[in-house]
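Report on the following structure.
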Amino acid sequence: MSEGSEGPQEPAEERCPPDKIVYDESRGQYVCTETGEVIEERVVDQGPEWRAFTSDEESRRARAGSPLSPMIHDGGLTSVIDWRDKDATGKKLEMKKRLEAMRWRKWQLRTRIQSSVDRNITQAAVELERIADQLGLPKSIKEEAVSIYRRAIERGIVRGRSVEAVAAAALYIACRIHRIPRLLDEIAEVTKADKKEISRCYRMLVKELEIRVPPTDSADYVPRIVSALGLSGRVAKKAVELLEEAKKLGITAGKDPTGVAAAAVYAAAQLLGIKRTQKDIAAVVGVTEVTVRNRYRELVKALKLQLPEE
DNA sequence: AAGACGAAAGTGGTTGA
DNA sequence: TCAACAACTTTCGTCTT
């Protein structure tokens, strides 16, 4: 966020004052509270989970091993019981103890190493990690996704479906829940499973696990479009305002939210005298210029927008 | 030459019998 | 399972800048 590293055409007065910038953890974005501008998208949570206020506290909170996280199926805390029938000093164990140790091993093998459930989760976690990294998603999303996947496994829903597809679907749900807009296409892009398969799994997961997925809000896409095109926060703010009004008038119902968002950004830019082509805006959210055009037309008509003279 | 516009026909997904 | 349906896409001709 240093000086001069931003888009070229914005006047200096609308730059965000540094003290107004806030990290919106749920979206993985830095956002200016003044203008709504997204400063840097897709920053992946870098900080420690804890804060330490004194150096004493800091050392106490220093970790042994990696942080606890659902990404590792057992929290990374299990140890494997040695297979030799000796104790730490190398002495042979008595029969009783040997039998006990055998039971332990058996139990452990069954519940941990050989448990297909856990192996499956581990495999899925690796996959989720990869996809999430490629899409620049924050850790909270990954963890949500793993937790969804785990629930699916425990319910035995994954059988007969590809791990890839279910994992991708879980990630998609996590994104929706946290309102970080990622398109199904984007997820499908970095996955072996195709879009159709993923969306089948998505529907299945939502139904079987009774997950409440909030409907996509077109406004959630605005920051993405704006930052992708290097537009200012003023455009974002205006676009969101337009969307608010449009929603009240009910002209957004049943329409693809990405297309609606794209049209709103286009309209906002027009109103502020900033030129961006419909095509460029459409490309960001994966719709065509025709769709942007149609939504735009509806927007202008419904809100009776006064465009700057030609 | 490039963008905006709108009409018309084609496509994939949802819904309801 | 099939047909109707709505929204989106593709394609194309025309107008504007």
Side-chain angles (χ1 to χ4, degrees), chain A residues 7-10 157 160-162 164-166 168-173 175-176 181-222 224-226 228-232 235 238-239 242-243 245-310:
Chain A
Q9 80 283 61
E10 302 301 337
I157 309 173
R161 272 171 256 262
S162 86
E164 281 246 337
V166 178
L171 191 68
Y172 179 65
I173 293 173
C175 289
R176 291 278 298 264
R182 287 294 178 270
L183 306 170
L184 197 49
D185 300 77
E186 294 177 285
I187 295 178
E189 191 81 3
V190 293
T191 305
K192 277 185 223 121
D194 69 350
K195 193 181 157 189
K196 228 174 156 180
E197 177 71 15
I198 297 172
S199 78
R200 268 213 305 280
C201 292
Y202 163 74
R203 281 193 297 271
M204 193 265 324
L205 284 177
V206 169
K207 196 174 170 196
E208 294 293 325
L209 300 180
E210 287 160 15
I211 301 172
R212 202 188 58 81
V213 182
T216 4
D217 184 348
S218 50
D220 290 344
Y221 290 100
V222 169
R224 263 195 91 179
I225 301 171
V226 163
L229 298 178
L231 294 165
S232 76
V235 177
K238 188 76 195 170
L242 294 176
L243 286 174
E245 286 187 62
K247 269 178 246 169
K248 272 185 217 146
L249 295 170
I251 59 167
T252 58
K255 303 294 195 318
D256 180 357
T258 56
V260 175
V265 172
Y266 179 70
Q270 293 275 294
L271 289 171
L272 297 171
I274 298 166
K275 292 248 179 282
R276 282 296 184 284
T277 67
Q278 295 174 348
K279 201 171 155 189
D280 288 343
I281 294 179
V284 179
V285 286
V287 296
T288 63
E289 45 175 331
V290 181
T291 301
V292 174
R293 196 145 62 222
N294 292 336
R295 293 298 88 77
Y296 171 67
R297 194 167 32 163
E298 291 160 9
L299 218 51
V300 171
K301 195 168 153 201
L303 305 184
K304 302 187 176 62
L305 298 179
Q306 294 297 321
L307 298 168
E309 92 320 320
E310 300 305 308

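Predicted model, so just to flag it, every value in this text is computed and none were measured. Order of the sequence lines fixes the chain letters, A, B, ..., with proteins taken first and strands second; residue numbering starts at 1 for each chain.
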> Starting at the 5' end of DNA chain C, which residue's closest nucleotide do you reach first, A:Ala253 or A:Val290?
Replying inline: A:Ala253
> To the nearest angstrom, how far is A:Lys196 atom NZ from B:dG13 atom P?
Replying inline: 5 Å
>> What is the separation between atom CG on A:Asp256 and atom C1' on C:dA6, rounded to the nearest whole Å?
In response: 13 Å
> Does any nucleotide pair with C:dA6 by Watson-Crick or G-U wobble geometry, both distances under 3.5 Å, and what is it?
Replying inline: none
> Would you say a side-chain N or O of A:Arg276 is under 4.0 Å from OP1 or OP2 of B:dG3?
Replying inline: no
>> Considering every strand and a 4.0 Å limit on heavy-atom distances, what is the contact class for A:Arg200: base, sugar-phosphate, or nothing?
In response: nothing
>> In whole Å, I'd like the distance from the NZ atom of A:Lys195 to the P atom of B:dT11.
In response: 16 Å
>> Of the listed nucleotides (B:dG3, C:dA7, B:dC5), which one gets closest to any side-chain atom of A:Gln278?
In response: B:dC5
>> I'd like to know if A:Arg297 reaches the base of B:dG6 with its side chain such that a donor and an acceptor end up less than 3.5 angstrom apart.
In response: no
>> Whole angstroms only, please: what is the CG-C1' distance between A:Leu183 and C:dC8?
In response: 14 Å
> Starting at the 5' end of DNA chain C and moving along, which residue's nearest nucleotide shows up first, A:Gly254 or A:Thr288?
Replying inline: A:Gly254
> Can you check whether A:Arg203 has a side-chain N or O nearer than 4.0 Å to OP1 or OP2 of B:dT14?
Replying inline: yes
